[in-house]
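In the text below, chain A, chain B and the rest are named by the order of the sequence lines, each starting its count at 1.
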Protein chains: 2
Amino acid sequence: MTTIKANSTIQENKSQAYVTCPVTFVMDKIGGYWKPIILFNLLGGVRRYSELKRAVPTITEKVLIQQLKQLESEGLITRKAKPTVPPHVTYELSKSGKALRPVLYAMAEWAVHNSGKLSKTFSRQMADFPLE
Amino acid sequence: MTTIKANSTIQENKSQAYVTCPVTFVMDKIGGYWKPIILFNLLGGVRRYSELKRAVPTITEKVLIQQLKQLESEGLITRKAKPTVPPHVTYELSKSGKALRPVLYAMAEWAVHNSGKLSKTFSRQMADFPLE
DNA sequence: ACAAGTACTTACCCTATAGTATGTATGACC
DNA sequence: GGTCATACATACTATAGGGTAAGTACTTGT
């Protein structure tokens, strides 16, 4: 599952920047390519694994769980599994995950006003921006 | 200068997600590890290359210019060079770069409230958050 | 008997990003 | 005439993230 090597120079640089820059702290948690997309989808409420897969069709299964595990270990989402067959697993934003709404919203707003030709597409999407 | 290979699968996935997700659009522009940190520093106003270097001491020169070039080509910052010796180069947020303030601010706010022991450090930093 | 669905896991490979180290042009200053 | 400072460039290496492909366990439906 792609274990992270401790004590690499990159990781040490990161942990140093952590302490000094709040923005960096955030980027380290949601900075992966797919993480914001997943979080965005979870803003709409509880989602099954398979629902997320359908909502983000271009992500591969490996990367999807990988990112979900990371988000879970960072405390941004919670996983609930019913021990049935076939399995039934749901993901949900945690308290701090829900607190990211203003961040994602600010991003989306920025995209609407600073994406040239895509602006119209994005502003249409904003109508669907989950309010709670 | 690390040219990006066009037509790789990764790039194609990205360009597809672009069109559907405003959050992804933003992440692609400021999603690099150092970009938000650089932008954060430029929120304070015009900065010389050497000032940025001192402000972000753990970044290497190679990566610093690399990121600056990318931010410039994305239209988030502007570069001005005086043809003197020694050279005098300054960087500044563009209009769309300045528009990122709410995004960075929302991130910093989230960090203050969701970083456990680091919260106090971050809230102290927030006092210095550049207002304009 | 067998295919389908769910939520994964594993093995292997490729690429973008980051780090290390060194080089460059030019004029000012000593 | 050698050093200093500025703002880079370049070559090489390392790592994290992402992609492809295949497999697993168990039950329900045909």
Side-chain angles (χ1 to χ4, degrees), chain A residues 1-17 24 27-38 47-72 77 79-91, chain B residues 1-17 24 27-38 47-72 77 79-91:
Chain A
M1 207 181 62
T2 323
T3 44
I4 295 177
K5 188 176 181 180
N7 290 347
S8 75
T9 313
I10 296 178
Q11 295 307 315
E12 288 187 18
N13 266 6
K14 287 195 177 183
S15 60
Q16 210 198 330
T24 301
M27 291 312 286
D28 202 85
K29 298 218 161 193
I30 66 165
Y33 185 77
W34 297 106
K35 288 200 183 94
I37 308 180
I38 295 169
R47 292 284 182 273
R48 287 189 68 169
Y49 172 82
S50 50
E51 288 180 301
L52 288 173
K53 213 174 62 180
R54 275 189 294 271
V56 192
T58 52
I59 197 173
T60 62
E61 291 195 66
K62 191 199 91 172
V63 176
L64 179 54
I65 8 164
Q66 191 175 291
Q67 301 296 310
L68 287 171
K69 298 281 178 205
Q70 287 179 20
L71 289 170
E72 192 193 359
I77 64 173
R79 195 190 95 114
K80 279 169 195 159
K82 289 180 192 165
T84 56
V85 170
H88 184 99
V89 179
T90 55
Y91 293 91
Chain B
M1 210 179 63
T2 323
T3 45
I4 294 177
K5 187 175 183 180
N7 289 348
S8 72
T9 313
I10 295 177
Q11 296 306 317
E12 287 187 19
N13 266 6
K14 287 194 177 184
S15 60
Q16 211 198 330
T24 301
M27 291 312 286
D28 202 86
K29 298 219 161 194
I30 67 166
Y33 185 75
W34 298 105
K35 288 199 183 96
I37 309 181
I38 295 168
R47 292 284 185 273
R48 287 190 67 171
Y49 172 82
S50 49
E51 288 180 302
L52 288 173
K53 213 173 61 179
R54 274 190 294 273
V56 192
T58 52
I59 196 174
T60 63
E61 291 195 66
K62 192 199 90 173
V63 176
L64 179 54
I65 9 165
Q66 193 175 291
Q67 301 296 310
L68 286 170
K69 297 282 179 205
Q70 287 180 20
L71 288 170
E72 192 192 357
I77 64 174
R79 194 189 96 114
K80 280 170 194 158
K82 290 180 191 166
T84 58
V85 170
H88 184 100
V89 180
T90 56
Y91 293 91

Any heavy-atom pair between the side chains of [Y] and [X] that's under 4.5 Å?
| X | Y | result |
| --- | --- | --- |
| A:Arg79 | A:Leu68 | no |
| B:Gln70 | B:Gln67 | yes |
| A:Leu64 | A:Val56 | no |
| B:Tyr49 | B:Leu52 | no |

| message | Using the side chain to side chain contact (heavy atoms under 4.5 Å, CB included) definition, which of the options B:His88, B:Lys53, B:Arg54 pairs with B:Arg48? | response |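 Filter result, single survivor: B:His88.
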
Provide, to the nearest angstrom, the distance between the [atom1] atom belonging to [X] and the [atom2] atom belonging to [N].
| X | N | atom1 | atom2 | answer |
| --- | --- | --- | --- | --- |
| B:Gln66 | C:dT15 | CD | C1' | 14 Å |
| B:Ile59 | D:dC8 | CD1 | C1' | 14 Å |
| B:Leu64 | C:dA18 | CG | C1' | 13 Å |
| B:Glu61 | C:dT24 | CD | C1' | 13 Å |
| A:Ile65 | C:dT10 | CD1 | P | 10 Å |
| A:Tyr49 | C:dG5 | OH | P | 15 Å |
| B:Lys82 | C:dG27 | NZ | C1' | 17 Å |
| B:His88 | D:dA7 | NE2 | P | 7 Å |

State which of [options] makes the closest approach to the side chain of [X].
| X | options | answer |
| --- | --- | --- |
| B:Arg48 | D:dA7, D:dA9, D:dG19 | D:dA7 |
| B:Lys62 | D:dG19, D:dT10, C:dA7 | D:dT10 |
| B:Pro86 | C:dA18, D:dG18, D:dT6 | D:dT6 |
| A:Arg79 | C:dT10, C:dG19, C:dC8 | C:dC8 |
| A:Val63 | C:dC8, C:dA18, D:dG19 | D:dG19 |
| A:Gln70 | D:dC8, C:dA18, D:dG17 | D:dG17 |

| Closest-nucleotide ordering on DNA chain D, the 5'-leading residue of A:Pro87 and A:Gln67 |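 Residue closer to the 5' terminus by nearest nucleotide: A:Gln67.
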
Distance test, side-chain N/O of [X] to OP1/OP2 of [N], below 4.0 Å:
| X | N | value |
| --- | --- | --- |
| A:Thr60 | D:dG18 | no |
| B:Tyr91 | D:dC8 | yes |
| B:Thr84 | D:dT6 | no |
| A:Trp34 | D:dA16 | no |

| query | Looking across every strand, which nucleic acid part, if any, lies under 4.0 Å from B:Glu51 by heavy atom: base, sugar-phosphate, or nothing? | reply |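 No contact.
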
